[in-house]
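Reading through the structure tokens given below for one structure.
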Amino acid sequence: MYRIVSKKELSPVVKEIEVEAPRIARGARAGNFVILRVNPDGERIPLTVGDADPERGTVTIVFQEVGKTTKELGLKEVGEDLQDLVGPLGRNREIPEGKRIVCVAGGVGTAPIYFQAKAMRAAGNHITTIMGARNVSLLFWQDRIESVSDKVLYSTDDGTFGKHGFVTDVLRELIESGEKIDEVDAIGPLVMMRAVSELTRPYGIYTVVSLDSIMVDGTGMCGGCRVTVDGVVKFTCVDGPEFDGHKVDFAELAKRKAAYREHEELSCRLFDEALAAHDKEE
Amino acid sequence: MGKVSDVPRQTMPEQDPIERGKNFNEVALGYPEDAAVLEASRCMQCKKPKCVEGCPVEIDIPAFIEAVNERRFDDAIRIVKEKNNLPAICGRVCPQETQCEIKCVLGIKKDPVAIGRLERFVADYELALGVADPDRPPRKGHKVAVVGSGPGGLTAAADLAKMGYDVTIFEAFHDTGGVLRYGIPEFRLPKAIVSKEVDYIRRLGVDIETNVIVGKTVTIKSLMEEEGYEAVFIAVGAGLPYFKGIPGENFIGVYSANEFLTRVNLMSAYRFPEADTPVIIGKRVAVEGGGNVAMDSARTSLRLGADKVYIVYRRSEVEMPARAEEVHHAKDEGIVFNLLTTISRVLGDDDGRVSAVECIRMELGEPDSSGRRRPVPIEGSEFTLDVDMVVMAIGSGANPLLTGATPELELNKRGYIVTDPDTGRTSIEGVYAGGDIVTGAATVIEAMGAGKRAARAIDAYLTSKSAS
């Protein structure tokens with residue numbers, strides 16, 4: 001069950017896995033996420049769907065190794081099974097028609113942006129995608145993104161590829177050039193989505209962000225993923241994960257995401273130590 | 001009818017209250033054999049036993065107690081299991097004092113027979129020996145899907161399997177048992193007991209598929225139209241936690257009881273970092289609510305290492321929905337009860353973490369729709385409790401995940417599924433429902449009763465369908 005059928009290293013810390021899960025592959029839509037566990041004592045972590053292939057019965061997930069669970073996931077090889085995989089979770093993205101949409105992808109957000117742009121372009125929308133990373137070696141899926149975009153613009157923090165700067169710099173130029181934009185979709189680190197939302201707010205451009213709150217079950221049962229949107233408490237898992245970026249209380253969310261920072265650091269350190277001890281033995 | 005016994009109701013040994021506050025081991029230790037037999041001897045063997053009327057799953061209570069009295073323990077558990085597929089669980093968590101035992105005739109003059117403790121005794125007797133493989137009747141060749149592996153789902157699945165149906169349970173979590181696993185703590189219901197009871201259900205021939213969310217991974221429609229299930233029993237529980245909607249409720253350290261208990265029970269956060277899921281360990285904890293879930297949350301906090309745990313409840317002790325035994329256990333363990341009080345605001349620090357709660361005193365006014373006197377805030381009675389963690393155990397509502405994906409299903413205005421009370425039949429042919437998703441939050445045994453009734457109704461439906 002939940003066998004890894006292919007795996008790619010997209011950068012030293014970003015990996016792509018394709019996992020067998022026929023029912024999820026059939027049901028997954030843009031905006032959805034899955035929850036997985038890597039070992040019998042493992043944590044349940046949510047990851048956004050990067051692609052789904054109903055024919056092959058697989059879903060593709062791109063993840064960055066930031067904590068114990070994602071590091072452990074990164075060690076899983078083709079032919080091995082995940083402990084658990086459940087989904088698709090979250091609301092399906094509403095797909096507009098005939099609109100001019102700018103997709104902004106940061107880091108592992110590139111994968112769900114691809115999945116979404118694919119559906120949006122198929123529905124006849126004009127897609128401009130802005131992709132950014134710290135440097136050129138951290139960019140991935142350019143071919144996939146280009147296949148579902150009418151135009152792709154790049155930025156790197158160090159100027160090794162595309163514009164020297166942030167995705168928001170590219171977006172600002174685009175807006176100021178007078179290009180008609182009906183909607184902006186941003187998926188990536190919280191600071192990036194917040195910056196994009198702040199940038200588009202004065203222009204009144206409808207902006208959608210995809211939140212990755214801390215959650216346990218993903219079905220509305222625990223309420224751990226509470227987020228304040230337009231002054232109202234929402235559950236990211238069932239009311240989202242996508243919300244109007246102009247209405248999200250990012251400051252509160254950023255704090256809530258740090259709830260277990262000390263726990264995460266401890267877990268990570270113990271895992272790294274165990275791994276180092278294991279390597280030494282071999 | 002036998003004569004009124006002079007033997008007093010036998011007490012059940014328990015772990016020392018102070019010691020048990022530091023561990024997750026079971027609090028109540030169960031009857032030793034001689035105490036069980038002595039307790040069984042108190043039963044008057046009524047010709048028309050009232051106790052059976054009080055049992056939602058209709059166990060032949062006098063017969064199993066007579067067997068205990070005669071030390072025929074194998075017979076005793078066989079009699080219980082004719083009606084109850086989860087006796088070790090019911091013997092621990094059923095509110096017998098308001099069901100079978102309240103009807104016990106002996107209870108008029110003396111203490112009623114300890115039916116629940118005897119049920120637990122015979123169930124544990126069998127589990128200790130190892131449960132023999134149950135008989136499997138011939139297969140009927142009809143597939144039935146059960147949604148949810150909590151007490152209602154397990155009961156319906158077991159009964160249907162015993163009738164010869166091919167039953168698959170679909171469970172949203174990665175492990176079985178529903179509230180028995182994620183909600184009720186280890187010290188009240190050891191997870192090893194849940195696993196053994198679920199194993200028995202599997203050995204009856206029931207398939208359990210975990211990680212399947214009906215309404216997301218599959219739908220009722222796809223199960224029936226594409227996967228060949230001829231009937232479905234929905235027992236998904238309630239489980240959308242209520243919050244109070246007060247300022248500061250999103251500070252870090254405010255949990256719903258669902259989240260707190262799920263982290264600790266299902267995800268084993270009490271073993272962190274050995275288990276990967278963390279939980280915030282409060283030193284001073286306020287739990288709002290007066291039900292069993294509030295008691296479970298308070299007692300769990302204590303066991304995780306809290307120095308001070310408060311129950312904050314807006315009515316008085318007589319209105320508390322928790323079992324008297326649970327309130328008693330909590331008090332023995334040193335939980336402090338702030339009755340006629342409610343949390344009005346959560347205060348936090350610059351990092352967004354809980355630093356205190358502001359409470360307000362209440363008085364009881366006129367009765368409300370529940371028949372209980374409505375609590376009314378006393379103006380100017382606000383005071384602050386210094387706490388670093390808060391658990392909201394104020395109930396839960398209907399989860400719309402399945403019902404929202406099944407538009408043909410008739411719901412009441414609170415989002416619960418409308419059913420025929422005798423059969424559990426819903427507005428969709430072949431689809432039945434029971435437990436909390438029909439009644440709102442209730443008890444394990446009521447969900448099991450609903451599972452039993454639905455199993456009978458599904459059998460009748462499929463029998464008449466294949467005859468026509």
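Here is how names work: the chains are called A, B, and so on, in the same order as the sequence lines, proteins then strands, and each is numbered from 1.
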So does [X] have more than 12 non-hydrogen atoms from other groups sitting under 6.0 Å from [atom1]?
X: K221(B); atom1: NZ; answer: no
X: R91(A); atom1: CZ; answer: no
X: D279(A); atom1: CG; answer: yes
X: E273(A); atom1: CD; answer: yes
X: E227(B); atom1: CD; answer: yes
X: R271(B); atom1: CZ; answer: yes
X: K244(B); atom1: NZ; answer: yes
X: R345(B); atom1: CZ; answer: no

Which pair of heavy atoms, one from A259(A) and one from I252(B), lies closest together, and at what distance? CB-CG2, 3.5 Å
Looking at every non-hydrogen atom in both residues, tell me the closest pair between D276(B) and E72(A) and how far apart they are. OD2-OE1, 4.1 Å
Indicate yes or no for a side-chain donor-acceptor contact from [X] to the backbone of [Y] under 3.5 Å, with no hydrogens or angles considered.
X: R44(A); Y: T277(B); value: no
X: N258(B); Y: M221(A); value: yes
X: K216(B); Y: I24(A); value: no
X: S256(B); Y: C222(A); value: yes

Could you tell me whether the side chains of [X] and [Y] share a donor-acceptor contact shorter than 3.5 Å?
X: T210(B); Y: D84(A); result: no
X: N250(B); Y: D249(A); result: no
X: Y182(B); Y: D217(A); result: no

Is [X] in contact with chain B via its backbone, its side chain, both, or neither, using a 4.5 Å heavy-atom distance?
X: A258(A); result: backbone
X: I214(A); result: side chain
X: N32(A); result: neither
X: F271(A); result: neither

How many angstroms lie between atom [atom1] of [X] and atom [atom2] of [Y], to the nearest 0.5 angstrom?
X: N211(B); Y: Q83(A); atom1: CG; atom2: CD; answer: 9.0 Å
X: C225(A); Y: E259(B); atom1: SG; atom2: CD; answer: 8.5 Å
X: F272(B); Y: D41(A); atom1: CZ; atom2: CG; answer: 12.0 Å
X: F243(B); Y: F235(A); atom1: CZ; atom2: CZ; answer: 5.0 Å

Non-hydrogen atoms of chain A under 4.5 Å away: do they reach the side chain of [X], the backbone, both or neither?
X: V254(B); value: both
X: T217(B); value: both
X: I280(B); value: both
X: L401(B); value: side chain

So which of [options] has the biggest tally of heavy-atom pairs under 4.5 Å with chain B?
options: R256(A), R37(A), R226(A); value: R226(A)
options: L85(A), L270(A), V38(A); value: L85(A)
options: S267(A), P88(A), G27(A); value: P88(A)

As an exercise: rank G404(B), P241(B), A275(B) by heavy-atom pairs under 4.5 Å with chain A and give me the winner. P241(B)
If you define the side chain from C-beta out and look only at heavy atoms, does anything of R26(A) sit under 4.5 Å from S222(B)? no
Are H174(B) and V86(A) side-chain neighbours, meaning at least one heavy-atom pair lies under 4.5 Å? no
What verdict does the side-chain contact (heavy atoms from CB on, under 4.5 Å) test give for V216(A) and M267(B), after you've listed the backbone C-alpha separation in whole Å, the side-chain angles of each residue and the deciding distance to 0.1 Å? CA-CA 9 Å; V216(A) 182; M267(B) 306 308 297; 4.2 Å; yes
Got a salt bridge between D351(B) and K255(A), using NZ or NE/NH1/NH2 to carboxylate O under 4.0 Å? no
